[in-house]
Amino acid sequence: MDNPVITLSLAQLALAFLPVAITLVILFRWSYGTGNAAYALARMVIQLLAVGYVLVWIFNADSGLAIIAVLAIMVAASAWIALGTAPEHRRQLLLSAFIAILLGGGLTLLLITQAVLQVDPWYLPRYMIPLAGMVFANAMTAVSLAAERIYSELKHGMAWQEARIKAYQAAMIPVINALLAVGLVSLPGMMTGQILSGVSPLVASRYQIMVMCMIFASAGISTALFLSLSRARVLSGVFATDP
């Protein structure tokens, strides 16, 4: 499997927007508004083009300090975005979310890159940055779901222990569904990308197993840490008594 990667020209890429345009027309005709979708699409294009240039710079910099700085920004952004489901409590819970994602995601990333893959140098950008993105994004989503659910359950009078279980279960639903669907319903992005780049499907499947374990662990550990670290602040912010 030594076929070269197909390089997309701007003209070829533009063709991908034809079905996008059809979808926007449907949105306009059915809901009389395409503002949010058009904004999201424009932002997606700008962000991905920008990150492409940034990654080129990071890869060429060959600096461990630059990678640490990037990872710190990713964790901070993840913590802030995760608490969008509880905006009125965001500032009180920000430190708990940051520590939870840093430890749950960071330790998982450390194990995968240094023990499983044994990347050399330890900060090798083409491995560290993409894997960090997967780890922190999934930890962020899990923490976000847990934050929304814990407040919801407590406001309905549920005791902390019960609410914590409900919040944890809700946070893990997307990850568990992904585990059940992978290989049957979907081929995940990393596996698809490797196959498209000419990697053997057998090798790509091993990498994807590693990634799924990484995602499951980072989400589970980060959520548990967040719920533990934020207990006092959460209980003080709702009309519930500590069981």
Side-chain angles (χ1 to χ4, degrees), residues 5-55 74 77-90 93-94 97 101 130 133-156 158 163 166-197 208 211-212 215-216 218-219 222-223 226 238:
V5 178
I6 298 173
T7 301
L8 286 176
S9 67
L10 291 178
Q12 289 172 302
L13 182 59
L15 291 175
F17 284 88
L18 289 178
V20 171
I22 294 172
T23 304
L24 288 175
V25 171
I26 294 171
L27 280 172
F28 179 77
R29 293 182 63 85
W30 286 16
S31 64
Y32 303 97
T34 60
N36 287 338
Y39 169 74
L41 286 165
R43 181 167 168 173
M44 174 271 295
V45 171
I46 293 170
Q47 287 177 173
L48 288 180
L49 289 176
V51 80
Y53 286 106
V54 171
L55 288 177
M74 293 172 74
S78 298
W80 181 262
I81 296 170
L83 297 175
T85 54
E88 66 274 22
H89 306 288
R90 180 177 260 161
L93 300 180
L94 186 58
I101 294 173
M134 296 179 198
V135 167
F136 295 138
N138 282 275
M140 174 190 71
T141 300
V143 168
S144 183
L145 291 172
E148 187 280 329
R149 181 55 67 90
I150 194 71
Y151 277 106
S152 176
E153 300 297 349
L154 289 173
K155 286 177 181 177
H156 284 86
M158 188 174 288
K166 294 288 186 182
Y168 192 82
Q169 290 174 336
M172 294 301 290
I173 286 174
V175 179
I176 292 173
N177 283 347
L179 294 177
L180 294 172
V182 67
L184 293 175
V185 179
S186 65
L187 285 180
M190 183 174 186
M191 186 172 181
T192 301
Q194 287 187 313
I195 292 174
L196 289 175
S197 66
Q208 193 59 52
V211 167
M212 298 309 293
I215 288 172
F216 179 81
S218 62
S222 295
T223 303
F226 171 73
V238 295

Ser78 side-chain N/O to Met74 backbone N/O, donor-acceptor pair under 3.5 Å: yes
Are the side chains of Leu145 and Thr141 in touch, meaning some heavy atoms are under 4.5 Å apart? yes
Between Leu93 and Tyr151, is the side-chain contact (heavy atoms from CB on, under 4.5 Å) condition met? List the steps. CA-CA 12 Å; Leu93 300 180; Tyr151 277 106; 3.4 Å; yes
Looking at Ser222 and Ala139, would you say the former's side chain and the latter's main chain have a donor-acceptor pair under 3.5 Å? no
Nearest 0.5 angstrom please: Ile81 CD1 to Ile101 CD1, how far? 9.0 Å
Note, Leu15 side chain near Leu18 side chain (heavy atom, < 4.5 Å): yes
Determine, stepwise, if the pair Val135 / Ile215 fulfils side-chain contact (heavy atoms from CB on, under 4.5 Å). CA-CA 6 Å; Val135 167; Ile215 288 172; over 6 Å; no
State the CD1-CD distance between Ile176 and Gln169, to the nearest 0.5 angstrom. 8.5 Å
Nearest heavy-atom approach of Ala142 to Ala171 is O-CB, 3.2 Å
Compare every heavy atom of Ala219 with every heavy atom of Met172, then report the nearest pair and how far apart it is. SD-C, 4.1 Å
Show the atom names and distances, to 0.1 Å, of all donor-acceptor pairs under 3.5 Å that link a side chain in residues 38-49 to residues at least two apart or in another chain.
| unit_1 | atom_1 | unit_2 | atom_2 | d |
| --- | --- | --- | --- | --- |
| Tyr39 | OH | Arg43 | NH1 | 3.2 |
| Arg43 | NE | Gln47 | OE1 | 2.5 |

Testing the basics here: between Ala37 and Leu27, what is the closest heavy-atom pair and its distance to 0.1 Å? CB-CD1, 3.5 Å
Mind checking salt bridge (Lys or Arg N to Asp or Glu O under 4.0 Å) for Glu148 and listing every partner two or more places apart, or none if nothing turns up? none
Short side-chain to backbone donor-acceptor contact, Arg149 and Tyr168, under 3.5 Å: no
Might you point out which heavy atoms bring Thr85 and Pro87 nearest each other, and give the distance in Å? C-CD, 3.4 Å
Quick one: does Phe226's side chain get under 4.5 Å of Leu83's, heavy atoms only? yes
In Å, rounded to the nearest 0.5 Å, how long is the span from NZ of Lys166 to CG of Leu154? 13.0 Å
Find the distance between CD1 (Ile22) and CZ (Phe17) and round it off to the nearest 0.5 Å. 14.0 Å
